[in-house]
Structure formats: C-alpha cells, structure tokens
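To find a chain, count down the sequence lines: A is the first, B the second, and so on, and within it residues start at 1. Remember, predicted model here, so these are calculated numbers, not experimental data.
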2 protein chains.
Amino acid sequence: MSARRGQPLTIQEIYAAVLRLVDEGGVENLSMRKLAAELDVNPMSLYHHVENKDALLRGACTAVALGLRLPPDDGTPWQEQLRALAHAYRSIALSHPALWSYVNAHPGLVEQEGGMWEVFNRVLAAAGVPAGELVRVRTVLYTFVSGLLTAETSGLLAGLDPDGDAETTFDAAVDLILDALGSRVT
Amino acid sequence: MSARRGQPLTIQEIYAAVLRLVDEGGVENLSMRKLAAELDVNPMSLYHHVENKDALLRGACTAVALGLRLPPDDGTPWQEQLRALAHAYRSIALSHPALWSYVNAHPGLVEQEGGMWEVFNRVLAAAGVPAGELVRVRTVLYTFVSGLLTAETSGLLAGLDPDGDAETTFDAAVDLILDALGSRVT
DNA sequence: ACCTGAACACCGTTCAAGT
DNA sequence: ACCTGAACACCGTTCAAGT
C-alpha cells in the first residue's frame, strides 16, 4: 500500500529533503533510510527515482549549482564582475555550507556549475589575461575563493575583523587578490 | 585467545594502519572492522586503545601534523620563511591527501598543528604586519594555501602549467600572494 | 591489563513480488 | 509505472565474560 498522501514523489521533493537533512546535520547525516522517513516513504521507493546514494548527492549538488546568479555580460569593469561572481558563489556556499564543503572536497562532482567557468573565462579575457594563461589564472583565483569559503563555512572568519563581519574580511581578501591580478595584467 | 603474533598493539601501530587505509581509499574507506582486520585483531580490541572512531581519526591527524617541518628562526627574509612554511605544509598535505582534505574540511580538529600558527605569527610580525591585523592576515594567507592544496590534491593543478608540474603552479601562486602582501606592508 | 563473542541498532542495496 | 518487504552484507558501539 502507499503510505504517502499525494502524488508519486518528485525528484525536486527528494532534493529538497536531502538539503534539509544535509543542512541540519552535514552530509554524514544523510542516509537513504532517514531520507525515506523524512519523505514518509519506504526506503526502497527512492531507488525508483535515483540510481544510488552517490548519484542522489551529485544530483542535489547540481540542482543547487543551477541556482548560481551569474553576473550579466554588460559593460561593467572586470574587477566588478569578478567581485559579483565571487559573491554569487559565496551566496550559494553559505546557503548550504555542508553541501558546499562536500562539493569543494570532491571537485568534478558537478560538471558545469551553472556555466560559472564560461563567465569566468569571459571576464578574465576582458581583463587582459592571455588565452594561454587563462585556465591557470582562473584556477588560482578559484582556489583562493574556495579557501576563503572553507574558512568562512567553518567559522574561522567570524569576528576576525574588529569593525565588521565575515563578509568584510571576505571582501578585503577578494580586493587583495584582485589588486594582485590587476598589477599583473596591466 | 590472542590471534595476534606479537606484543599488545601500540597506538602508533594503529595510526600507521589508519594512514594505510585512508591513503588508499579515503576516509570513507576506514572502518573499525576493516582496521581491525588490517591489524589482525578483534574489532573490539581497538576500543581498549581508542575512545571511538572520531577520536581515532583525530589522533591520526594530530600524529601526522606533528611531522610538520617548521622553518627555523634564523635571519632569513620573511618571504623566504613563508615560502618554506607553505612548502612544509604542502609536503604533509601531499603525503596524505585524503586525510588532509578531511582535516581541511574539519578545522579545529587538530588544535596545534605542530606549532605552525606560532611560527606563522613570528614571520608575519617580522614582515611588518601590525599586531592588530595579524590574525586576519594569517587566516587569509592560510586559506589561500588551503585552497591551492585542495585543488592540487584533487588533481586540478596537474598539467596546468605548460612548462612544469603542479609545484610550479603552486610556487607561482604563492609568489603572487607574497607580492600582494609585500605591497601592503611596505 | 588486555582481549573477545554475542548482541543491538543502524547502514546501502538487490530482488522478487505486489498494485 | 510505481511501490514494497524480506533479505544480505555491512557499519559503530556496549557489555558481560574470559585470560
């Protein structure tokens, strides 16, 4: 018999429940059986919508990544666009810290993070980074932001700036690296 | 009866087996039962030497951290000492990538990473960083290296530099951030 | 002091069976 | 098409018992 109240059980419904469990207790708090209980469903029903636990997590990560708000290709200066990209990425990371930490430790898990890399490429090209160095520069910049967010999601950035919050420190650090980049490309 | 060949089972022996398992299959490859099998011992015997699995992992991480080769306090320039510190840290991360990734995602797991923070403080003070900004600068620098190593341990840095290996990219990135720091303190 | 076996409450996943 | 129950091979950990 069907213990469920409504319609079949959608993948969105499943992802939402995954986020609830992971947000509240980390990735290690997610189990197929707990997830089924959260959805008021038999554990085995999940396997009709998802290949296995790994695929489920990958799917949830991709779903979150698609929510990335990429800066548009208007004429604004590259520094501003990079800042906007960094903040968009940070916003997603902070809304699901545990899941982001998991993705960060397993890169390649989500192939296209909402087209982030293409935008990154465009802005860096506009900044004057030669095509041959693009991937390297992009990777280094990304790792920098990734490191900052690792610190922030673990509370290492909290109360670090006497006059402000973690965002102040994040901004200052991004400015630092943008200055360094600027002095290289000009 | 004792299925073991020799003496009681030392904590060093246990940590060594933990490293073997984690190095070869990641932290998720470590289970108390597999570890016991690796040591040719009853699973329950482990609990006589270690409180539980979390404490075991924490202990193994601390043991590794104690192997950090800190740069001595000779008169060498601060840039060179920071580079040496970064390389010492990198060396440990690369020798146990999976364990390092775990520590990186769980900061505060190992309290004193072999006195790394004290050395960091000393060198930054020598570089002219005001005492009030020391922790913030240190944290930002650390997160930068942490991000680079996350990339390197996941293979993102491999083959990025046309003329060299991942170390070349690592060095170039460290130089970039040292330049940025230098232009702030002088 | 150190080790052990049985037991408990969990896991992910397969498979044959139900509607 | 979608769901389910029983089953299998795993987990971490407790506890009473052995030497």
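B/Met44 has its CE atom 12 Å from the C1' atom of C/dC8, to the nearest Å. Here the C1' atom of nucleotide D/dT13 and the CG atom of B/Asp54 are 12 Å apart, to the nearest Å. In this structure, A/Asn42 places its CG atom 15 Å from P of C/dT14, rounding to the nearest Å. Look at CG on A/Leu57: it is 15 Å from P on C/dC11, rounded to the nearest Å. Distance A/Tyr47 OH to C/dT14 C1': 9 Å, rounded to the nearest Å. The distance from atom NZ of B/Lys53 to atom P of C/dC10 is 17 Å, rounded to the nearest whole Å. What separates CG of B/Leu46 from P of D/dT13 is a distance of 11 Å, to the nearest Å. Going from atom CG of B/Leu39 over to atom P of C/dC2 covers 16 Å, rounded to whole Å.
Taking B/Thr143 as the reference, A/Leu148, A/Ala151, B/Thr139 meet the side-chain contact (heavy atoms from CB on, under 4.5 Å) condition, with sequence neighbours excluded.
Only B/Arg33, listed by number, bring a heavy atom of residues 21-34 of chain B to less than 4.0 angstrom from any atom of DNA chain C.
Both B/Asn52 and A/His48 sit near DNA chain D, but only A/His48 has its closest nucleotide nearer the 5' end.
Cluster annotation: A/Val135 and A/Val129 are assigned to distinct hydrophobic clusters (Ile/Leu/Val/Met/Phe/Trp/Tyr, side-chain heavy-atom contacts under 4.5 Å, transitive).
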Its dot-bracket string being built from Watson-Crick and G-U pairs below 3.5 Å, with | for another strand and [ ] for crossing, DNA chain C has the pattern ||.|||||...|||||.||

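Partner A/Thr169 forms a side-chain contact (heavy atoms from CB on, under 4.5 Å) with one of A/Val174, A/Leu156, A/Leu160 and no other, that one being A/Leu160.
Side chain of A/Ser154 to main chain of A/Thr150: a donor-acceptor pair is present (N/O by atom type, distance under 3.5 Å, no hydrogens or angles). Within the 3.5 Å criterion, the main-chain N or O of A/Leu21 finds no donor-acceptor partner in the side chain of A/Lys34.
Remark: A/Ser45 is in phosphate contact with D/dT4, judged by side-chain N or O atoms under 4.0 Å from OP1 or OP2. Phosphate proximity of C/dC3 to B/His49: present, with a side-chain N or O under 4.0 Å from OP1 or OP2.
Nearest approach of B/Arg184 to A/Asp175, heavy atoms of both residues: NH2-O, 4.2 Å.
The shortest side-chain heavy-atom distance between B/Leu178 and B/Leu141 does not fall under the 4.5 Å cut-off. Looking only at side-chain heavy atoms (C-beta outward), B/Pro43 and B/Arg33 come within less than 4.5 Å of each other.
Relative orientation of the B/Phe120 and B/Trp117 rings is parallel, given thresholds of 30° and 60° on the angle between their planes.
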